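Position 1 is the first residue of the sequence; numbering continues from there. Note that the coordinates shown come from a computational prediction; the quantities given were computed from them, not determined experimentally. Counting starts at 1 for both ligands and their atoms, in listed order.
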Amino acid sequence: MSTSGESEPKPLHKNELLKAGSNYLRGHILSDLQDASTETISEDSAQLTKFHGIYPQDDRDLRAQRRKEGRDKAYIFMARVRVPGGVCTPGQWLALDTLADSHANGTLKITNRQSFQFHGILKGRLREAIREVNRTLLDTLAACGDVNRNVMCNPNPLISGLHAETLGIAKAVAAHLSPRTRAYHELWVDDTLVGGGEPEEVEPIYGKTYLPRKFKIVFAIPPSNDVDVFAHDLGFIAVANADGRLEGFVITVGGGMGMSHNQVETYPRLADVLGFCRPDQVVEVAEKVVTLQRDFGDRTDRKHARFKYTVADRGLVWIRNEVERRLGWQLGAPRRFEFTDTGDRYGWTEGPDGHSHFTLFIENGRVKGAVKVALREIAKVHRGDFRLTPNQHLMIAGVAAADHPRIEALLREHVLDTSNRASGLRLNSMACVALPTCGLALAESERYLPELVTLLEGEVEAAGLRDDAIVIRMTGCPNGCGRPFLAEIGFVGRSPGKYNVYLGAAFNGSRMNVLYKSSLPTAEIVPLVRSLLRRYAVERNPGERFGDFAIRAGLVRPTGTSADFHQDPVRTEGLQSRPGA
Ligand code: SRM
Ligand code: SF4
C-alpha cells in the first residue's frame with residue numbers, strides 16, 4: 001500500500017500482458033488449433049484470435065439440451081472478412097458464397113460495418129476456411145481485436161462526385177493501419193510454422209501491445225450519413241469546394257455506442273468535430289489520432305478503454321492540441337456539412353456513364369435462401385462490383401446497360417423486391433446478430449425484429465404511415481452493435497423477452513435517442529408503438545420526422561447530445577477562430 005498518500009497506479013488489464021507476451025499475436029493459437037481433445041480454444045487464444053478476425057462461439061440454442069445430456073457446448077467459430085469501403089468483386093462473392101456452404105452454416109452475413117461474417121465454422125475446418133478467404137484476396141486480419149477495424153465508406157458511386165476519390169482515401173487509411181505482424185500469414189495462409197524470429201518484427205504504428213481497445217474509422221459523403229459518422233472513434237466527412245471537387249474532410253472524434261446496463265460510467269457518445277484537413281493529409285491525421293489513443297487510452301479497464309472516454313476525460317481542446325503536436329501543423333476550421341438521412345437508396349439508379357446500380361434490401365444482412373441463390377446467379381453474369389452497405393444491404397453496382405435486363409430478370413425470377421414494396425419501417429430497420437451465436441446476447445434481435453416489424457406494419461398501415469421512413473433498430477444487449485441509440489425507435493435487450501425502448505434520435509444520425517421505457521415485455525411492445533404511431537400520424541407537423549416529433553411532443557427530453565456543430569458551439573470550442581473557417 002502507498003505510504004505517501006498518493007494512490008497506486010491501477011494495474012494493467014490482463015489482456016495487456018497477454019498481448020505483450022504473444023509474440024505479435026501468435027500466443028498459443030497454433031497448439032490450441034492442433035489440440036484434438038477439445039472443439040474450442042483456450043480463453044487466452046480466444047482473445048488473440050480476435051485480432052485475426054476469429055471468435056470462438058457456441059450454438060446457444062443447443063446449450064440447455066446439451067447440458068441436460070451432460071455434453072459439452074456445441075462449439076463453433078465466427079470469422080469476419082474485412083472489406084474496406086465494402087467493395088468486392090463478383091468473383092469474390094462467388095467464392096465466399098461457396099465457402100458459406102462448404103465450411104460454415106450456409107449463410108453469409110453482411111454486417112453494418114461493410115464486412116462479411118461466416119457463422120458455424122468447426123474448429124477442424126477453420127484454417128482451411130481462412131485460407132480460402134485469403135485466396136479471394138480478401139482477409140480477416142484486424143476485422144476484430146484491439147486495432148483499427150474495417151474502414152467504412154459510403155458505397156454509392158452516384159451519391160456525389162466525391163465518391164471515387166473518398167473511397168480511394170478510405171482504402172489507403174485501411175492499408176496504412178493494417179497490422180504488420182506476419183503471424184496472420186504464418187497461421188492461416190502459408191501454413192509455415194509460427195515463430196516470428198528473423199528478421200525481427202516491428203509494428204510501427206501499434207507496438208507490441210496494439211491499442212487499448214477496438215478502433216473504428218468511417219468516411220461519410222454528405223448528404224448521406226449512412227455510415228453513422230457520429231458513432232465512430234474517428235470520422236472523415238467529405239467536403240466539396242465551389243467547383244464540386246473534393247476540398248478535404250471535416251474530422252470527427254470520440255463516438256461510440258457501447259454501454260452496460262446499470263453502469264453509469266459507461267455510455268454511448270456522439271463524436272465531436274475536431275477540425276478539417278486536406279485529402280492528402282488524411283492518412284497522417286488518422287495515424288496520429290490512432291497513436292494518441294495508443295498512448296493515452298486506458299489500459300487498466302476495458303470498459304473505459306475506448307477512444308470516446310479519452311476524448312470525454314481529456315476534452316476536445318487537449319485532444320486537438322495533442323494531435324497537432326504530433327502532426328507538427330494545425331488542423332483547419334471545420335466546414336459546413338449537412339446530412340439528410342442514414343438510410344440506403346433502394347432499387348435501380350441510373351449513372352451518367354450508362355451504368356446502373358441496384359440496391360437490394362437484405363433483411364438484417366442475412367444472405368440465405370432465395371436471396372443467396374439469386375445473388376449467386378447474378379454474380380456469375382455481373383461485370384461491375386458488389387458493394388456492402390453500412391445498413392447491412394447490398395448494391396449490385398456498375399451494371400452495364402446490356403446486362404441490366406438479365407439482372408432485373410434474375411431478381412424477379414427469385415421473387416426479390418425490385419420495386420421496394422416493403423414498408424418504410426422495414427426498409428429502415430436494422431438488427432444485430434444476437435442469438436444463437438453471440439455470446440453476449442441477453443435477448444433476441446436478428447430473429448425477432450423482422451417478426452416485430454411485421455406486427456407493426458399493420459399499425460403503420462392503419463395510421464396511414466406505410467411509406468414513411470422511420471428508423472427502427474434492435475440489439476440483443478447494450479453493446480450497441482446495431483447502433484440502436486441512433487434510431488428513432490430503438491430496442492435494447494435486457495433479458496429474454498424484455499427490451500429497453502428508446503425514442504427521439506434524429507433521422508440524419510446527429511442526435512441520440514433517450515430511454516423511454518425500461519424492460520418492456522415483448523407482449524407490450526406492439527400496443528405501445530401503436531399508440532405512439534397514432535399520435536404521430538395525427539399530431540405531426542408537415543414533414544416532421546418521428547424522432548423529432550417524439551421530442552416536440554414531450555415523449556422524451558433531449559439530452560443535448562446533438563452532433564451538429566452549428567447548433568452546439570460548446571462542442572467545437574475554439575474551432576471557429578481557426579484559419580479557413
Ligand atoms: Fe459488435 C461485440 C457483432 C458492429 C459494439 N459485436 C460483438 C461480437 C463480436 C460479440 C462478442 O464480442 O462476443 C458480436 C458477434 C455476434 C455474432 O455472432 O456474429 C458483434 N458488431 C457485430 C455485428 C456483426 C452486428 C451486425 O449485425 O452487423 C457488426 C460487425 C461490424 C464489423 O463488420 O466490424 C457489429 N459492434 C458493432 C457496432 C456498430 C458500428 O461499429 O458501427 C458497435 C457500436 C459502435 C461502437 O463500437 O461503439 C459494436 N460489439 C460492440 C461492442 C461494445 C464495444 C464497447 O465499446 O463497449 C462489443 C463488445 C465488446 O467489444 O466487448 C461488440
Ligand atoms: Fe451481440 Fe450485443 Fe452485439 Fe447484439 S449488440 S451482436 S447481442 S454483442
Task: Side chains of Asn508 and Ser510, donor plus acceptor under 3.5 Å - done: yes
Task: Sub-2.8 Å protein N, O or S atoms surrounding atom 1 (Fe) of ligand 1 - done: Cys481 SG
Open item on the list: When you compare the side chains of Glu128 and His103, does any donor N or O come within less than 3.5 Å of an acceptor on the partner?
Closed with: yes
Open item on the list: I need the nearest protein heavy-atom contact for atom 52 (C) of ligand 1: residue, atom name and distance, please.
Closed with: Lys214 NZ, 3.3 Å
TODO: Would you kindly say whether His393 and Arg387 are connected by a side-chain donor-acceptor distance under 3.5 Å?
DONE: no
TODO: Could you please spell out the steps behind the ring-ring contact (aromatic ring centres under 6.0 Å, His included) verdict for Tyr448 and Phe491?
DONE: CA-CA 11 Å; Tyr448 173 49; Phe491 296 99; 8.0 Å; no
Open item on the list: Return the closest protein heavy atom for atom 24 (C) of ligand 1 as residue, atom name and distance.
Closed with: Gln117 OE1, 3.1 Å
Open item on the list: Taking Asn148's backbone N and O only, do any of them form a donor-acceptor pair with Tyr206's side chain (distance below 3.5 Å, no angle check)?
Closed with: yes
Open item on the list: Can a donor-acceptor pair be found, under 3.5 Å and without considering hydrogens, that links the side chain of Lys308 to the backbone of Tyr267?
Closed with: yes
Task: Protein residues that have a heavy atom under 4.0 Å from any atom of ligand 2, sorted by chain and number - done: Cys432, Val433, Ala434, Cys438, Leu440, Ala441, Thr475, Gly476, Cys477, Asn479, Gly480, Cys481
Open item on the list: For the 3.5 Å polar cut-off, considering only N or O atoms, please tell me whether Lys216 and ligand 1 meet it.
Closed with: yes
Task: Nearest neighbour in protein (non-hydrogen) for atom 42 (O) of ligand 1 - done: Arg483 NH1, 2.6 Å
TODO: Look at atom 40 (C) of ligand 1 and say which protein heavy atom is nearest, naming residue and atom and giving the distance to 0.1 Å.
DONE: Arg113 CD, 3.3 Å
Task: Minimum-distance protein heavy atom relative to atom 33 (O) of ligand 1 - done: Thr111 OG1, 2.5 Å
TODO: Starting from atom 48 (O) of ligand 1, find the nearest protein heavy-atom neighbour and note its residue, name and distance.
DONE: Met257 N, 2.7 Å
Open item on the list: Which residue and atom name correspond to the protein heavy atom nearest atom 15 (C) of ligand 1, and how close is it?
Closed with: Met78 CE, 3.8 Å
Open item on the list: Tell me whether Asp146 is salt-bridged to Lys19, with the criterion being a basic N under 4.0 Å from an acidic carboxylate O.
Closed with: yes
Open item on the list: Please tell me if atom 8 (C) of ligand 1 is touched by the protein, where touching means a protein heavy-atom distance below 4.0 Å.
Closed with: no
Task: Heavy-atom nearest neighbour in the protein, as seen from atom 14 (C) of ligand 1, with distance rounded to 0.1 Å - done: Cys438 SG, 4.1 Å
Task: Point-to-point distance, once rounded to the nearest 0.5 Å, from CD of Glu446 to CE of Met430 - done: 12.5 Å
TODO: Could you list which atoms of ligand 1 come closer than 4.0 Å to a heavy atom of Gln57?
DONE: 17 (C), 18 (O)
